[in-house]
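Contents: one structure, followed by commentary.
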Amino acid sequence: MSPLVKIENLYKSFGNSDVLKDISLEIKKGEVVCIIGPSGSGKTTLARCINFLDTCDSGKITVGNDLIGFKELNGKIKPLNETKTSKQRRNIGMVFQKFNLFSHLNALENITIGPTKVLGTNAKESVDEAKDLLKRVGLEEKCYSYPSQLSGGQQQRVAIARALAMKPILMLFDEPTSALDPETVGEVLEVMKELARGGMTMIIVTHEMGFAKEVADKVVMMDHGQIVEIGSAEKIFSRANNPRTKAFLEMML
Amino acid sequence: MGNLNLDIPFFFEYLFNPPDILLYGVWLTISIAFVAQTLGVIGGLFVALLRMSQRWWLRELGKLYIWIFRGVPLLVQLVIVYTGVAAAGLYKYPDIVIGPFTLSGPMQAAILALSLHEAAYMAEIFRAAISSIDRGQFDAARAVGMSPITAMRWIILPQAIRIVIPPLGNEFTLMIKGTSLLAIIGIRELFGTIQQLNAATFRTFELFVIAAIWYLILITIMGFIQKYVEAYYSKHELPAQQNFKKKYKSRNLLSNNR
Ligand SMILES: Nc1ncnc2c1ncn2[C@@H]1O[C@H](COP(=O)(O)OP(=O)(O)O)[C@@H](O)[C@H]1O
Ligand SMILES: [Mg+2]
């Protein structure tokens with residue numbers, strides 16, 4: 001079976017600092033991949049390149065049938081404009097460290113706005129779906145609350161529901177619990193575990209090692225813009241080869 | 001004090017029992033201000049988008065616009081747009097008939113000049129508002145697959161509009177005062193009407209105090225409406241609203257910048 005996500009030789013720099021250096025990674029449908037590594041190693045940038053929120057300098061990213069950000073025509077590769085790229089992003093959900101809920105919309109509207117304005121789903125159907133999703137993340141009683149009225153953990157669960165409403169084939173998470181109060185981390189991780197059990201393909205940047213150990217099919221260790229080690233959770237957490245991985249894990253535990 | 005020349009009964013008569021032409025002048029002031037402000041908001045949004053375009057030459061064009069229309073005094077702009085343009089034979093401002101309304105040449109020029117001028121100020125307000133919206137809002141809109149236009153329409157503008165409301169009230173107040181300049185091109189709005197009455201009665205002091213009272217009434221009503229609208233929109237204060245307050249200082253109502 002061909003992989004759902006294929007990243008080939010990705011390079012990216014900001015000014016003269018090389019942030020991603022030759023990243024290649026394949027992810028099968030239904031796989032949960034956790035990306036770990038020290039701060040500044042390029043994890044956020046990698047996640048943002050996958051749905052083209054940041055553009056890479058060179059390399060190829062394929063998600064499903066889409067070559068992200070480009071179009072292949074008669075063997076030639078041409079860049080897509082932002083409007084065309086936005087169509088490819090419909091299939092890829094993203095959850096941010098700082099939630100980024102639309103601050104002028106309530107929880108329900110945050111979830112329905114994508115389907116209604118992007119997919120053209122009718123209002124009633126999208127509201128029904130949004131209510132189901134809010135129920136799934138345990139927030140059915142918060143339909144009409146605005147982001148400013150929700151705790152961090154609640155906001156992040158709404159953000160997950162918002163991404164799911166687009167029926168994505170891939171979900172990206174960029175440190176979804178790093179900005180949360182410790183007591184609300186658990187509720188968000190629980191929702192993510194449920195998603196993983198449901199067979200969603202997920203790429204999760206995280207510092208929650210216990211969570212990674214539990215849900216990851218594959219753990220990717222990044223440092224200085226490179227992948228230094230890839231392996232099963234069991235291998236990375238108990239028999240890591242690379243000294244940088246070992247040093248990082250020792251520091252985390 | 002023997003030659004004190006005040007006609008108190010005249011004053012009260014004109015204050016409490018204003019002639020129809022005066023009421024019409026007040027109405028004209030309000031309606032011109034309203035139309036010009038509306039067009040200024042639309043134009044301002046457009047110029048703000050130019051100003052923030054990805055293309056450098058559109059940004060420069062936006063900058064140039066703002067530089068010119070904020071830099072040249074409104075009175076000078078008004079005379080160029082009406083008298084100048086007509087004198088040079090560029091455009092003669094023929095009457096425009098829209099249904100039952102006839103828009104005279106001076107009215108067209110007045111609305112055009114006020115709108116163009118206002119657009120420059122609104123552009124800076126919109127720009128400050130949009131730039132005070134967190135980058136994360138743009139990221140999230142793109143991540144759910146919104147095209148730039150969809151994101152602008154449903155995520156960015158609704159937030160920007162709320163932020164813009166307080167300075168917009170301020171701008172409208174200045175606009176009402178600014179319409180008094182229109183008398184120079186022969187429009188009989190509030191000030192022009194007072195001038196006309198003065199030419200017939202020579203009760204200069206009484207009449208211009210009445211004009212002042214009318215402006216104060218209009219500005220005070222405006223202040224109440226603005227307070228009410230602001231209270232309504234501050235029920236869920238957006239994070240961007242706090243950013244905006246740091247970024248943008250309203251034009252001072254007391255400063256003489258019209
Ligand atoms: N928009 C940007 N402009 C310039 N440098 C950036 C930008 N975003 C990230 N970087 C730099 O890229 C490097 C990797 O950042 P990031 O991907 O956020 O790492 P991580 O998520 O692993 O902490 C850092 O050195 C950071 O300073
Ligand atoms: Mg990061």
Side-chain angles (χ1 to χ4, degrees), chain A residues 44 47-48 50-54 80-106 109-120 144-149 155 158-159 161-168 170-174 179, chain B residues 45 49-50 52-56 58-59 126 128-166 168 229-247:
Chain A
T44 296
R48 289 172 61 89
I50 294 174
N51 68 355
F52 237 67
L53 283 188
D54 281 342
L80 291 175
N81 64 23
E82 174 69 14
T83 304
K84 299 244 171 67
T85 307
S86 70
K87 294 212 167 102
Q88 300 179 324
R89 289 195 195 102
R90 297 171 180 183
N91 296 328
I92 307 170
M94 183 152 193
V95 175
F96 301 88
Q97 185 171 351
K98 292 193 182 137
F99 335 129
N100 296 343
L101 288 183
F102 302 130
S103 47
H104 62 305
L105 302 177
N106 66 31
E109 291 163 339
N110 260 279
I111 301 171
T112 57
I113 191 120
T116 54
K117 305 308 173 199
V118 175
L119 302 177
Y144 303 108
S145 300
Y146 283 83
S148 58
Q149 300 166 320
Q155 288 189 59
V158 174
R162 171 177 70 180
L164 292 174
M166 297 297 289
K167 305 197 172 64
L170 168 69
M171 286 282 286
L172 305 172
F173 294 84
D174 182 21
Chain B
L45 179 57
L49 293 177
L50 284 184
M52 294 181 296
S53 164
Q54 304 277 329
R55 286 171 240 270
W56 69 267
L58 288 178
R59 282 199 304 276
F126 270 116
I130 291 174
S131 67
S132 63
I133 295 172
D134 187 66
R135 289 298 316 162
Q137 298 286 307
F138 292 81
D139 284 344
R142 293 168 79 202
V144 292
M146 291 189 184
S147 67
I149 293 172
T150 310
M152 200 31 97
R153 167 68 186 82
W154 295 103
I155 306 302
I156 305 307
L157 279 188
Q159 298 191 35
I161 284 167
R162 286 195 195 192
I163 300 168
V164 152
I165 281 173
L168 177 61
V229 174
E230 269 180 49
Y232 178 83
Y233 277 107
S234 62
K235 269 193 281 187
H236 300 291
E237 196 173 45
L238 306 178
Q241 277 168 294
Q242 289 150 8
N243 284 338
F244 179 78
K245 283 177 198 158
K246 281 179 233 146
K247 272 198 174 149

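Below, read A as the first sequence line, B as the second, and so on, with proteins coming before strands; counting in each chain starts at 1. Side chains are part of it too, since the values below use all heavy atoms of this structure and drop only hydrogens, waters and symmetry mates.
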Could you tell me which of L119(A), L101(A), L105(A) has the largest number of non-hydrogen atom pairs under 4.5 Å with chain B? L101(A)
Tightest non-hydrogen contact, residues R162(B) and H104(A), listed as NH2-O, 3.7 Å
Tell me, for F52(A) versus chain B, whether the close heavy atoms (under 4.5 Å) come from the side chain, the backbone, both or neither. backbone
Looking at A140(B) and F102(A), what are the two nearest heavy atoms and their distance? CB-CE2, 3.7 Å
I need the E82(A) CD to R142(B) CZ distance, nearest 0.5 Å. 4.5 Å
Output for pair (K98(A) NZ, R135(B) CZ), nearest 0.5 Å, gives 13.0 Å
Test item: D139(B) and R48(A) side chains (from C-beta on) under 4.5 Å apart, heavy atoms: yes
Greatest number of non-hydrogen atom pairs under 4.5 angstrom with chain B, of R89(A), Q149(A), M94(A), M166(A), falls to R89(A)
Could you list the donor-acceptor pairs under 3.5 angstrom formed between side-chain atoms of residues 145-156 of chain B and any protein atom two or more places apart in sequence or on another chain?
| residue | atom | partner | partner atom | Å |
| --- | --- | --- | --- | --- |
| S147(B) | OG | T150(B) | N | 3.3 |
| S147(B) | OG | T150(B) | OG1 | 2.9 |

Side chain / backbone / both / neither for I92(A) at chain B, heavy atoms under 4.5 Å: backbone
Taking all non-hydrogen atoms of both residues into account, name the closest pair between F96(A) and A143(B) and its distance. CZ-CB, 3.8 Å
